[in-house]
Amino acid sequence: LVVTFILLFVTSISYGAEFPQKDIRLVVPFEPGGAGDTTSRIIVEAANEILDGRKISVVNRSGGGGIVGQTFVSRARADGYTILAMTNSVITNPTLKGASYSIDDFEPIAIYNFDPDVIAVAADSTLTNVADLIATAKKREPNMVTAGIATAHHMVGLAIEQNTDLTFNYLPVRGFGNQLQTVMGNHVDGGFWPLGEAASHARGGSIRILAIASEIRDPGFPDVPTFQESGLGVTVWATFRGWAVPAGTPDDAVNFLSDLLAEVHASPEDRRKMEAAGYKPVYQDAQEFQKAIAEYKNLTSTVIAAHGLGN
């Protein structure tokens with residue numbers, strides 16, 4: 001009886017304690033230095049200033065275009081102490097790469113960044129605009145570097161193919177630094193990248209952005225046309241970045257993490273650092289996150305079907 005009472009007492013303390021009771025790990029399923037890693041570290045730096053006595057640590061678990069880290073989180077204990085740095089590839093990896101999880105294995109927390117895709121080339125490339133790229137494509141398939149098959153940046157190329165008579169040859173390269181060197185060295189014709197990764201290098205003069213997949217021209221690059229203006233048949237194509245936890249995570253942990261991201265977004269210093277790195281900060285809660293997931297799933301499903309992809 002005494003043992004039973006002690007167990008009940010300890011259990012009530014455990015479940016009644018406020019979240020978090022220990023440090024949290026944020027799993028980034030990509031190489032260090034890329035957009036997912038860079039934005040995660042900016043967010044975590046601000047979050048750790050807010051947390052009292054606890055901290056969030058960034059853990060890189062790359063491989064398989066995100067599958068390694070995403071699988072790890074999907075199988076983690078649903079207690080709020082393991083967070084996924086979630087991007088669009090969670091949606092397409094099960095269909096295109098046979099990942100063991102599904103989108104339903106994750107509980108979205110909030111989105112902190114939307115990042116439109118771009119077509120980028122080396123600064124000294126003979127391709128000075130999209131018209132040059134199209135002219136090349138009429139002779140041969142342009143070689144385009146991407147972060148991996150089934151990533152949002154591969155899918156935008158497929159979306160262009162679906163809506164035009166262009167075709168590309170895709171070269172998946174791990175790590176943005178390696179991709180950047182491949183483009184700068186003119187080992188490929190160009191790359192499909194998120195604007196956030198390309199922006200600082202375009203401003204620095206090492207690459208040139210030919211077009212941006214946003215509805216209107218980006219204020220930071222007013223002379224760069226949109227995909228639609230360039231005749232690529234795609235209006236908007238963007239990577240979302242946010243937090244998710246394993247499905248079944250208690251509401252108190254989900255709500256705490258959502259509120260934490262909202263507080264981070266409200267920080268002028270966080271917004272300054274995000275913008276300085278080339279990433280537009282946003283905050284969209286779990287309901288809006290679910291909507292973005294549904295929209296991207298619908299968008300990519302037509303592309304996947306049109307190209308006969310998937311398992």
Have Y283 and S258 got a donor and an acceptor in their side chains that come within less than 3.5 Å? yes
Return yes if some donor-acceptor pair links the side-chain N/O of R54 with the main-chain N/O of Q21 below 3.5 Å, else return no. yes
Residue pair I216, T226: steps toward the side chain to side chain contact (heavy atoms under 4.5 Å, CB included) verdict: CA-CA 7 Å; I216 60 174; T226 66; 5.5 Å; no
So Q228 and T235, side chain to side chain donor-acceptor pair (under 3.5 Å) or not? Walk me through it. CA-CA 5 Å; Q228 193 68 33; T235 303; 3.1 Å; yes
Could you tell me whether a side-chain N or O of Q181 sits under 3.5 Å from a main-chain N or O of N178, the two making a donor and an acceptor? no
Joint hydrophobic cluster, I212 plus I119, side-chain heavy atoms closer than 4.5 Å: no
Should side-chain heavy atoms under 4.5 Å link Ile, Leu, Val, Met, Phe, Trp and Tyr, which residues sit in the same cluster as V59? none
Is a side-chain N or O of S74 found less than 3.5 angstrom from the main chain of T71, in a donor-acceptor match? yes
Is there side-chain contact between F168 and L158, with at least one heavy-atom pair below 4.5 Å? no
S200: side-chain contact (heavy atoms from CB on, under 4.5 Å) partners, not counting sequence neighbours: none
Within one Ile-Leu-Val-Met-Phe-Trp-Tyr cluster: Y296 and W193, side-chain cutoff 4.5 Å: no
Might you confirm whether atom CD of E229 has over 12 heavy atoms from other residues, nucleotides or ligands at distances under 6.0 Å? yes
When you measure from the side chain of N93 to the backbone N and O of A99, does any donor-acceptor pair fall under 3.5 Å? no
Evaluate the criterion side chain to side chain contact (heavy atoms under 4.5 Å, CB included) for residue pair K297 and T92; output intermediate values, then yes/no. CA-CA 8 Å; K297 188 174 183 179; T92 53; over 6 Å; no
Nearest 0.5 Å please: distance from the CZ atom of F240 over to the OG1 atom of T87. 7.0 Å
Given the rule in the side chain to side chain contact (heavy atoms under 4.5 Å, CB included) test, do L195 and Y279 qualify, once you have shown the distances and angles that lead to the verdict? CA-CA 8 Å; L195 176 61; Y279 303 97; over 6 Å; no
Verify side chain to side chain donor-acceptor pair (under 3.5 Å) between Q70 and S89, making sure each step is shown before the conclusion. CA-CA 9 Å; Q70 292 159 359; S89 60; 2.9 Å; yes
Distance-only donor-acceptor hits, side chain of residues 107-114, under 3.5 Å, sequence neighbours excluded:
from	atom 1	to	atom 2	distance (Å)
Y112	OH	T39	OG1	2.9
N113	OD1	R241	NH1	2.5
N113	ND2	K280	O	2.8

Within a strict 4.5 Å, meaning less than it, do heavy atoms of the W243 and L26 side chains meet? yes
For N48, side-chain contact (heavy atoms from CB on, under 4.5 Å) partners two or more places apart: V44, L51, K55, I56
Residue pairs fulfilling ring-ring contact (aromatic ring centres under 6.0 Å, His included) with at least one residue in residues 63-98, sequence neighbours excluded: F19-Y81
Mind running side chain to side chain contact (heavy atoms under 4.5 Å, CB included) on K138 and I134 for me, showing each step along the way? CA-CA 6 Å; K138 290 180 179 179; I134 292 173; 4.0 Å; yes
Is L180 reachable from L210 through a run of I, L, V, M, F, W or Y residues, each pair having side-chain heavy atoms under 4.5 Å apart? no
Within the structure provided, determine whether T249 and D79 are in side-chain contact (heavy-atom separation under 4.5 Å). no
Given M155, which of I91, L96, I160 fulfils the side-chain contact (heavy atoms from CB on, under 4.5 Å) condition? L96
Between S100 and R75, is any side-chain donor less than 3.5 angstrom from a side-chain acceptor? yes
Out of curiosity, N255 CG to L260 CG, how far, rounded to the nearest 0.5 Å? 12.5 Å
With sequence neighbours left out, the residues meeting side-chain contact (heavy atoms from CB on, under 4.5 Å) with N129 are A131, D132
Euclidean distance, K273 NZ relative to I42 CD1, rounded to 0.5 Å: 8.0 Å
Option among L232, T300, V118 that satisfies the side-chain contact (heavy atoms from CB on, under 4.5 Å) test with W237: T300
Among N88, D117, T146, which one satisfies side-chain hydrogen bond (donor to acceptor under 3.5 Å, both in side chains) with H153? D117
I'd like to check the side-chain contact (heavy atoms from CB on, under 4.5 Å) partners of K291; sequence neighbours left out, ordered by chain and number. E295
Are V224 and F192 connected into the same hydrophobic cluster when the rule is that any two of I, L, V, M, F, W, Y join if their side-chain heavy atoms are below 4.5 Å apart? no
For Y101, enumerate each residue passing the ring pair (Phe, Tyr, Trp, His ring centres under 6.0 Å) test, keeping only those at least two apart in sequence or located in another chain. F106
Could you go step by step and tell me if R174 and S62 meet the side chain to side chain donor-acceptor pair (under 3.5 Å) rule? CA-CA 9 Å; R174 285 181 61 177; S62 61; 2.9 Å; yes
Hits for ring pair (Phe, Tyr, Trp, His ring centres under 6.0 Å) against H154, two or more places apart or cross-chain, chain-then-number order -> Y170
Establish whether V68 and V28 are linked, either directly or via other cluster members, by ILVMFWY side-chain heavy-atom contacts under 4.5 Å. no
Whether D105 side chain and S102 backbone form a donor-acceptor pair below 3.5 Å: yes
Say you draw a straight line from CG of N60 to CD of E31; how long is it, rounded to the nearest 0.5 Å? 7.5 Å
Could you list all the ring-ring contact (aromatic ring centres under 6.0 Å, His included) pairs where at least one residue sits in residues 23-71, not counting sequence neighbours? none
Would you confirm whether E161, through its side chain, and L166, through its main-chain N or O, come within 3.5 Å as a donor-acceptor pair? no
Side-chain contact test, heavy atoms from C-beta onward, threshold under 4.5 Å: evaluate it for M184 versus I207 and give yes or no. yes
Counting C-beta onward and ignoring hydrogens, is there a side-chain heavy-atom pair between V121 and D189 closer than 4.5 Å? no
So do the side chains of F227 and V130 get within less than 4.5 Å of each other, counting heavy atoms only? no
I'd like to know if the side chain of R271 reaches the main chain of A266, judged simply by a donor and an acceptor atom lying under 3.5 Å from each other, with no hydrogens or angles considered. yes
I want to check something: taking the side chain as every heavy atom from C-beta on, are H265 and L261 in contact at a cut-off of under 4.5 Å? no
In the hydrophobic cluster built from side-chain contacts under 4.5 Å, what are the other members alongside V236? none
Could you pull out the closest heavy-atom pair between P281 and E275, with the gap in Å? CD-CG, 3.6 Å
Taking ring pair (Phe, Tyr, Trp, His ring centres under 6.0 Å) as the definition, give me every residue that meets it alongside H201, ordered by chain and number, with sequence neighbours left out. F176
N163 and V234, any side-chain heavy atoms less than 4.5 Å apart: yes
Counting only N and O atoms by type, is there a donor-acceptor contact under 3.5 Å from the side chain of K97 to the main-chain atoms of I67? no
